[in-house]
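Notes to accompany the following structure.
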Amino acid sequence: MFDYLANPTRFRAITAVILPLALAITVLALTFGIYLAFFASPPDYQQGDSVRIMYIHVPAAWMAMLAYLAMATSAVFYLVWRHPLADIGARAMAVPGAGFALITLITGAFWGKPIWGAWWVWDARLTSMLILLFLYLGYMALADGFARSERGSKAASLLLLVGVINLPIIKFSVDWWNTLHQGSSVLRLDGARIDPTMLKPLLVMAVAMLGWFICISILRMHTALTERRIHAILAREGDEY
Amino acid sequence: MNALCTIPLMLFWHDVRHAWRYPADMLGGAVFFVMMITLVPLGLGGGLGAGLGDAQELLRLIAPTMLWIAVMLACLPQMDRLFHREATSGILEQMRISPAPMPLLMLAKIAAAWVVVVVPLVVVAPLLGVMLGLAVGQMVASTGLFALGGLGFVLVGAMAAALTLGAQGRGIFNAIIILPLAMPLLIFGASAMDALIAGGAVQGHIMLLTALVLVLLVLAPLVSAIAIGFAEE
């Protein structure tokens with residue numbers, strides 16, 4: 001199946017269908033989600049209206065982690081089966097992924113100021129999100145750091161895999177080091193511990209962000225494919241003259 | 001079978017001897033370490049010179065952290081150049097065609113780097129710790145911690161050096177790649193030393209640090225060997 005998808009022309013054809021679909025879902029979910037988050041959901045009994053930051057903060061944090069895992073999966077396909085499209089995919093997802101990590105940190109700062117009284121605290125979850133941002137930056141720097149882009153792709157893919165092995169260790173070490181942030185209240189074994197009126201906008205916003213992430217990633221992959229073709233055409237013409 | 005043992009041993013011995021004959025790098029790391037620790041009390045400012053209690057106490061409190069950060073940063077610039085000589089002089093090709101497997105050769109390079117980079121720091125660390133106000137006994141006891149954590153830093157540094165071999169502007173990459181990987185070592189190492197100084201239970205901290213170094217000991221030679229392979233293709 002992956003061999004089937006790995007053909008760039010076929011990939012373009014399939015994603016040409018997925019892209020408008022994902023875009024439509026993004027626009028609908030974002031409109032509905034923002035309405036729910038800002039108008040149709042109650043303020044928190046302790047935090048007041050500042051709890052609404054959560055509807056951007058939490059889905060962005062999920063996406064930042066999801067994007068890294070998706071990149072690592074792509075890296076496996078690239079390193080084992082040598083599909084160039086997998087590498088293009090990982091590179092395409094890096095920028096929006098890093099963006100999500102940054103959005104999480106910035107909205108977290110705006111949320112932390114009224115609730116904890118500080119823009120930044122050296123708490124376990126904040127710190128591991130910062131480290132995740134560093135992992136993204138390291139990947140991007142390494143992928144673009146070589147004169148031969150293939151060398152950068154391979155080294156950066158390997159770094160992604162090392163990063164995935166290290167993520168639980170980082171998470172554990174930082175948790176062990178310090179925790180002020182509230183625990184997870186949605187993804188729990190005994191069911192979500194959040195009121196349905198707040199869970200609904202949260203999930204709708206998560207769908208919107210996922211849709212947006214898919215759109216941007218596909219667009220970036222199309223751009224990268226076109227760029228490669230231009231290079232190939234230019235190289236061929238260079239041979240003729 | 002014989003080549004399996006002798007070639008890594010020769011590589012190890014060659015690296016150690018090279019460092020001994022050109023000691024600038026080795027001493028450079030130790031000097032950097034001493035400089036960094038010297039700057040901390042100076043940066044903390046007034047009160048220390050007069051021997052005021054509060055400032056002395058503050059210095060003593062942050063001493064373990066400062067020592068660990070300084071060890072980590074003193075390792076970095078030297079690990080950066082780990083494969084540089086091999087790549088420019090053709091030794092890397094010889095390593096590739098040798099009958100010994102690449103991960104084993106990487107392990108030999110890492111062991112040599114530990115002797116060359118970490119051991120001088122471990123020797124100097126007790127002296128600096130005492131200067132920061134820690135007891136002599138505590139510093140001698142934490143030598144083992146530095147040796148263990150230093151091995152972890154060298155392992156992480158070797159991975160980064162292999163991944164960035166031949167990249168433009170390696171220094172910056174190395175820092176940004178090493179930081180997330182080395183951070184758990186710093187956390188466990190510094191807290192183990194804190195526990196040691198506070199007289200608490202140290203065993204758990206040491207076991208966590210050891211577990212982490214063991215994971216890296218398996219991971220780093222393999223990853224370095226694969227990454228070196230990419231560099232030569």
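Note that the structure is a prediction, hence the values are computed from the model and not measured. To find a chain, count down the sequence lines: A is the first, B the second, and so on, and within it residues start at 1. Just the heavy atoms: all of them, side chains too, but no hydrogens, waters or symmetry mates, feed the values below.
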*Check the surroundings of atom CZ in R85(B): do more than 12 heavy atoms from other residues, nucleotides or ligands lie under 6.0 Å from it?*
yes

*Atom of R151(A), atom of T164(B) and distance for their closest heavy-atom approach*: NH2-C, 4.3 Å

*How many angstroms lie between CG in N166(A) and CE in M159(B), if you round to the nearest 0.5 Å?*
6.5 Å

*Proximal component of L163(B), with respect to chain A [non-hydrogen, under 4.5 Å]*: both

*Calculate, to the nearest 0.5 Å, the distance between atoms CG and CD1 belonging to L142(A) and I177(B) respectively.*
4.5 Å

*asked:* Using every non-hydrogen atom in the two residues, find where F134(A) and P180(B) come nearest and quote the distance to one decimal.
replied: CB-CG, 4.0 Å

*Side chain, backbone, both or neither: which part of A162(B) has an atom under 4.5 Å from a heavy atom of chain A?*
backbone

*Nearest 0.5 Å, what's the CD1-OH distance between I176(B) and Y139(A)?*
14.0 Å

*side-chain contact (heavy atoms from CB on, under 4.5 Å) partner of V223(B), the single match among L159(A), V162(A), I165(A)*: V162(A)

*Select one option (side chain, backbone, both, neither) describing which atoms of A147(A) are under 4.5 Å from chain B's heavy atoms.*
both

*Contacting moiety of L161(A), where chain B heavy atoms sit under 4.5 Å*: neither

*Hey, could you give me the CG/CG distance between L135(A) and L181(B), rounded to the nearest 0.5 Å?*
7.0 Å

*Shortest non-hydrogen separation from A155(A) to F230(B) and the atoms involved*: N-CD1, 4.0 Å

